[in-house]
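As the structure is a prediction and not an experimental result, all values here were calculated from the model.
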Amino acid sequence: RHFHSSSFFGGPVLAVRMGDVTGGENENQLQLVEEKLENIEAQLDQVQSMAELTRNTSRKHTDTIKDLGLSVSVIQSMHEAIEDKERKRAAANAAVFNMFVTKTICTMLAWLLQDLCSQVLSVVLASLSPSSFAVSLIYAICIGVFVPVLQYVMGRTRKAGQRGRLGCCMDLQRKAFPMTIAWANKKAISSMLATFGNNFLASLITALVLTMLVTILQHIPAVKRAHARMKIHEEGVVLRYLCWPWSLLLSLGFCYNNVATWPIRVITESLKESIGGKAAGNLESVLQITYFFLMVNVVVRLNAEWTKRKRILAKETEKEAERVTSDESELHVIALYFLEFEEDLGDTVFSALGFVFGWGLSDTLQDIFYTFLFSLPGGSPASYEQSWAFALLCMWLLTRGEFLSATKSSPEQDSRKRLMINALSLTLGWAMVGAFSMTSKSLVSDIVASSNTDSGSAGVLCDLGLYWFILLPSSELIFQHQDQIHVKGRRQPHHELSKEPTADGSETRSEKNRSLVEL
């Protein structure tokens with residue numbers, strides 16, 4: 001019972017052997033632990049390298065995403081800029097075409113109103129013909145007195161300027177009133193020249209007198225201020241009376257055209273007397289075409305030179321005005337007056353030359369159509385069917401081409417384009433006027449032949465019917481055009497939804513990228 005195990009099994013020897021065994025196992029375990037730790041460290045290194053690789057990759061992806069976002073923003077801004085440019089270009093083209101159509105319609109309405117009033121005056125003054133100088137002068141005075149008042153009253157009505165058929169009709173009539181005054185003055189001047197036989201000297205003297213008269217009237221400070229206020233759409237009866245000198249430009253252009261075409265008329269008369277027949281008509285057409293191309297080159301070149309000269313005059317006038325303000329010398333005042341007078345004189349002359357351009361184009365097309373193709377004497381139609389064929393052909397030809405498109409160009413090219421638009425609208429307007437005139441004459445002759453009605457009353461009825469026949473469909477056409485523009489304007493483009501303000505509300509995202517778009 002008191003036996004000790006150590007002494008029985010050998011005591012210390014066995015203890016040493018058991019310690020060796022235990023130490024070996026511990027070393028093995030330590031080695032295993034160290035190996036596992038090394039494996040874990042290797043795995044950690046691998047994980048760290050993978051994490052670093054992932055961070056680098058994510059950083060690259062982040063940069064790529066930022067670049068892609070910037071590219072998308074730039075492309076979107078460029079798309080906005082392109083669409084904005086296209087909208088402005090379409091609006092400019094619509095404005096130019098609208099101006100062309102409005103001017104053409106107003107030309108027809110002004111002529112019909114002139115013929116209607118002349119017929120009424122001829123009926124009232126039974127002893128005078130509608131084309132006499134007395135009737136033309138009375139008509140011009142009455143139109144010059146009453147039309148500004150009517151125009152002001154129509155502008156003050158509630159329906160004027162509103163989007164609607166009645167508003168379009170009133171606006172179209174108001175736009176035709178100034179041209180009505182211009183045509184009334186032109187009729188008076190042409191009737192006066194007809195009493196002198198439309199000779200060269202009478203036309204030249206009338207042109208010089210009218211040029212100086214219009215320039216002096218336009219140079220009056222009150223008249224200048226009234227014209228500037230009318231340009232910004234201010235209303236007033238006195239303003240419209242003060243702008244009367246601008247209604248003489250059509251008459252001045254008529255006188256210039258008489259002077260410019262005088263050699264053509266002389267040569268044509270000599271050809272008719274010496275040759276006669278169809279050959280004379282063909283030579284007359286060739287002569288008219290030659291005159292037209294020479295006239296176009298001269299007018300366009302002179303107009304371009306005047307555009308350059310006008311820019312120089314504007315700078316010289318500004319400098320002279322500063323000298324007058326600082327010095328107040330009489331010499332500077334006189335120099336400033338002559339600079340302003342030169343500018344007004346040039347504007348008057350070249351505004352009148354625009355009508356010479358229009359008459360040249362109209363006469364050339366009439367000679368080609370009536371004289372060359374149909375061998376009609378004098379370049380005038382023999383029936384209303386021919387005049388309508390010419391008017392429809394002019395409508396098809398003159399509404400096509402680049403002149404009715406608004407594109408950015410130099411001031412000289414812009415000036416030439418304005419001349420062409422004015423000439424095209426006048427030519428088409430006069431062609432339509434000729435068609436309606438021949439139709440009215442045919443209707444009057446039929447009414448007089450079939451009834452006991454006198455020609456004056458029949459002419460009044462026909463002109464009145466034709467006037468409303470033009471006014472009402474034209475108003476409907478303009479209303480439909482304005483309605484389409486209004487509907488398009490209400491449709492917000494999709495890119496405008498992205499024009500959100502930034503956090504500080506200072507600018508939009510497209511404005512931030514404006515420099516990139518410009519680049």
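Using a distance-only test at 3.5 Å, with no hydrogens or angles considered, no donor-acceptor pair links the side chain of S442 to the main chain of M438.
Every side-chain contact (heavy atoms from CB on, under 4.5 Å) that I232 has, sequence neighbours left out, goes to E234. Every residue two or more places apart in sequence or in another chain that forms a side chain to side chain donor-acceptor pair (under 3.5 Å) with Y467 is listed here: Q173.
Side-chain contact, Y256 with T211: a donor N or O sits under 3.5 Å from an acceptor N or O. Defined by atom type and a distance below 3.5 Å, a donor-acceptor pair is missing between the side-chain atoms of S362 and T427. Using modelled atom types and a 3.5 Å distance limit, the side chains of T371 and D367 yield a donor-acceptor pair. Of the N and O atoms on the side chains of S247 and N185, at least one donor lies less than 3.5 Å from an acceptor on the other residue. Using a 3.5 Å distance cut-off with no hydrogens or angles, the side chains of S440 and D463 do pair a donor with an acceptor. Side chain to side chain, T107 and W183 fail the donor-acceptor criterion of an N or O pair below 3.5 Å. Using modelled atom types and a 3.5 Å distance limit, the side chains of E340 and T317 yield no donor-acceptor pair.
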Worked check of salt bridge (Lys or Arg N to Asp or Glu O under 4.0 Å) between R309 and E342
CA-CA 10 Å; R309 175 61 182 164; E342 180 184 354; 3.2 Å; yes
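By the neighbour-count criterion of 12 heavy atoms within 6.0 Å, atom CZ of F372 is sparsely surrounded, having that number or fewer from other residues, nucleotides or ligands. Counting heavy atoms of neighbouring residues, nucleotides and ligands inside a 6.0 Å radius, atom CZ of F196 does not exceed 12 of them.
Within the 4.5 Å cutoff, the side chain of F254 has no heavy atoms near those of the V356 side chain.
Of the candidates L109, L112, L113, L109 is the only one forming a side chain to side chain contact (heavy atoms under 4.5 Å, CB included) with L471.
Here F436 and W388 bring their ring centres to under 6.0 angstrom of each other.
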